[in-house]
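Along the sequence shown, the residues carry numbers beginning at 1. Nothing here was measured: the structure is a model prediction, and the numbers come from that model.
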Amino acid sequence: MAQNIYFEARGSNFADKVAVADVVINRKIDRRYPDTICGVVQDGYIPGQRVCQFSWYCDGKSDTPVDLDRWHEA
C-alpha cells in the first residue's frame with residue numbers, strides 16, 4: 001500500500017494520498033477485484049505490457065523509493 005501511495009500521489013496533498021488508499025481498499029472489498037492489497041495493486045499486470053491498474057507497477061522503472069521524506073509520508 002505504501003508503495004502505491006508513494007508512486008501514485010507522492011507529490012500530492014494528504015487528501016489525494018488517502019484517496020489512493022481508499023481506491024485500493026474499496027477494490028479489495030469488491031468481489032470483482034483481487035482480495036488482497038497486493039493483488040489489487042498488481043491487478044492487470046501482463047509481462048511486457050502496460051495495462052496495470054496502477055501505472056507505476058508496470059512502467060519498467062525502479063520500484064525503490066528515492067524521496068525518503070515522501071516515502072515516510074506514504
message: side-chain contact (heavy atoms from CB on, under 4.5 Å), that's the test. Do F54 and E8 meet it? Break it down for me.
response: CA-CA 8 Å; F54 297 98; E8 289 292 318; 3.6 Å; yes
query: Stepwise, does the side-chain contact (heavy atoms from CB on, under 4.5 Å) test hold for N26 with V23?
result: CA-CA 5 Å; N26 285 334; V23 166; 6.0 Å; no
message: Working note: Q53 + V40, criterion side-chain contact (heavy atoms from CB on, under 4.5 Å); need CA distance, chi angles, decisive distance, verdict.
response: CA-CA 8 Å; Q53 295 291 315; V40 169; over 6 Å; no
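Atom CG of D63 and atom SG of C58 lie 10.0 Å apart (nearest 0.5 Å). With values rounded to the nearest 0.5 angstrom, D22 atom CG is found 11.0 Å from R27 atom CZ. With rounding to the nearest 0.5 Å, the separation of NE2 in H72 from CG in D67 is 9.5 Å.
Looking at R10, its side chain never comes within 3.5 Å of a backbone N or O of R70 through a donor-acceptor pair. No side-chain donor-acceptor contact under 3.5 Å links K28 to the backbone of Y33.
Taking 4.5 Å as the limit, every side-chain heavy atom of Y57 sits out of range of all side-chain heavy atoms of N4. In this structure, the side chains of V66 and Y6 come closer than 4.5 Å at one or more pairs of heavy atoms.
Hydrophobic clustering (side-chain heavy atoms under 4.5 Å, transitive across Ile, Leu, Val, Met, Phe, Trp, Tyr) keeps F14 apart from W71. Note on I25 and F7: same hydrophobic cluster, where clusters join Ile, Leu, Val, Met, Phe, Trp and Tyr whose side-chain heavy atoms are under 4.5 Å apart, directly or indirectly. Residues W56 and Y45 are members of one and the same hydrophobic cluster, defined by side-chain heavy-atom contacts under 4.5 angstrom among Ile, Leu, Val, Met, Phe, Trp and Tyr.
Nearest heavy atoms, G39 versus P34: O-CG, 3.3 Å. Residues A2 and A74 come closest through the heavy atom pair O-CB, 3.4 Å.
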